[in-house]
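Input: a single structure, listed below in structure tokens.
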Amino acid sequence: MTDFELRQGVLHCEDVPLPAIADAVGTPVYVYSTATVQRRAREFKMAVAALENPLVAFAVKANPNAAILAILAGEGFGADVVSGGEYRRARAAGVKASKIVFSGVGKTADEMAGALEGGLFQFNVESRDEAEMLSSVAVSMGRRAPISFRINPDVAAGTHAKISTGSAQDKFGINAAEAVAAFNRASKLPGIEAQGVAIHIGSQLTSLEPLELAFSRLGELIDQLRRAGHQISVADLGGGLGISYDATKPAPPSPASYGALVERVAQRWGVQLLFEPGRLIVGDAGVLLTEVIRLKNGANHPFVIVDAAMNDLMRPTLYEAWHEIEAVTPRGDRMVADIVGPVCESGDTFARARQSDRVEAGDLMVIRTAGAYAATMGSSYNSRPLAAEVLVNGSDWTVVRERQDVEALIRGDIIPTWIKPV
Ligand code: LLP
């Protein structure tokens, strides 16, 4: 079920017709559904409800809008953050410090200090050197930092290479063979308290098998660490479960089957389990609403030129990602077209040779499943201001991020005094 459906021939988000938003805010604009975010959050909580005291930390990178974070904080979610900026945004949106996990392969001393100052559940530490740095930062502040070591389980996630993170050649985590040595060393560092292990093998996973393999390896490692005398009270299983982008393809495993896998493999570990879902919670809760500027003849079929572009939604050009695209008020007939943005690169293509609703200049279209890794990966390339974001709740809606002002782009630049005005 989705909260973006046709009613009397017009695509709505919950009870709001999308043309009303386009009229008031302009396009391109991201539109999010509160109901979908809440439903996905509750589905995930249900899926892991049989576990003892699970902590679900939303991966903020998927959608850092404060309104989204506030909805999730209201659902009891924590946050998985990967920068000082994400830490501050999560706190500002009302996420409890005690539910924040700080991940990331390149934390700086400043970022460590900021999170220690504000408080957090734990840092997921990715190398022995990082542990040393964190220990000295914590000691200088008179604190002790709770950590888990992120383990690289050397598992092929079977997803796009750019979003696979759990193979030995990837930059993430420490090799499982080095884990005991890392814990031994950590136990001698005065500023850290090693309490657990963490993994995250990749994103948009469409099979549970790589997760099962990674979880079993983590379970074996927990035994090994305990045999070496270390107390392990936390295991962070990361995020990664995929969602459906293309209804004609088999659906990825459900959150419930993921939960059943976790129960089967990890329930007996005797640890608090953590989860870091991102895409699963917000992916299908958003669309990118865009207007057709004009059509243009192509060698094989027409180009539909829309006013959204690769700067607004990078996923198609970056990962060859497939997003469903449809008319907001479909006319009933179809066409085959390349759907493209106005940016001056051929990569600025949302879909090639796509069977699509027939559209004309001035029509509205949506690019679906744009709630995760979409607005947040936007840029102002081609001096196109960042798109606005709108949140719908029943028949109410509000702008939750104003469209960027081109003036702000101009004001941000500084012309040095040695360049004389002409
Ligand atoms: N935890 C860690 C440590 C992560 O690096 C990530 C995502 C997540 C959790 C959340 O994963 P999810 O549940 O959302 O799959 N921009 C790419 C996705 C990059 C994912 C990066 N890490 C895309 O648009 O597909």
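Read the numbers this way: they start at 1 and go in the same order the structure lists the ligands and their atoms. If you're wondering where the values come from, they're calculated on a predicted model, not measured in any experiment.
- When each of H160, R279, K162 is checked for a side-chain hydrogen bond (donor to acceptor under 3.5 Å, both in side chains) with S203, only R279 meets the rule.
- Residue pairs meeting the salt bridge (charged side-chain N to carboxylate O under 4.0 Å, His left out) criterion with at least one member in residues 300-325, sequence neighbours excluded: D312-R384.
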Could you check ligand 1 for N or O atoms lying under 3.5 Å from protein N or O atoms and list the pairs with distances?
residue: ligand 1; atom: 1 (N); partner: D80; partner atom: OD2; Å: 3.3
residue: ligand 1; atom: 1 (N); partner: E276; partner atom: OE1; Å: 2.5
residue: ligand 1; atom: 5 (O); partner: K61; partner atom: NZ; Å: 3.3
residue: ligand 1; atom: 13 (O); partner: G240; partner atom: N; Å: 2.8
residue: ligand 1; atom: 13 (O); partner: G278; partner atom: N; Å: 2.9
residue: ligand 1; atom: 14 (O); partner: R279; partner atom: N; Å: 2.8
residue: ligand 1; atom: 14 (O); partner: Y373; partner atom: OH; Å: 2.6
residue: ligand 1; atom: 15 (O); partner: S203; partner atom: OG; Å: 2.4
residue: ligand 1; atom: 15 (O); partner: G240; partner atom: N; Å: 3.4
residue: ligand 1; atom: 16 (N); partner: Y319; partner atom: OH; Å: 2.7
residue: ligand 1; atom: 24 (O); partner: R315; partner atom: NE; Å: 2.6
residue: ligand 1; atom: 25 (O); partner: R279; partner atom: NH1; Å: 3.3
residue: ligand 1; atom: 25 (O); partner: R279; partner atom: NH2; Å: 2.8
residue: ligand 1; atom: 25 (O); partner: R315; partner atom: NE; Å: 3.4
residue: ligand 1; atom: 25 (O); partner: R315; partner atom: NH2; Å: 3.0

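- For the atom pair OG (S148) and CG (L274), the distance works out to 7.5 Å, reported to the nearest 0.5 Å.
- R354 pairs by the salt bridge (Lys or Arg N to Asp or Glu O under 4.0 Å) definition with nothing, not counting sequence neighbours.
- Contacts of Y245 classified as ring pair (Phe, Tyr, Trp, His ring centres under 6.0 Å), with partners at least two apart in sequence or in another chain: H323.
- F275 and Y258 have perpendicular rings, their planes meeting at more than 60° on a 0 to 90° scale where under 30° would count as parallel.
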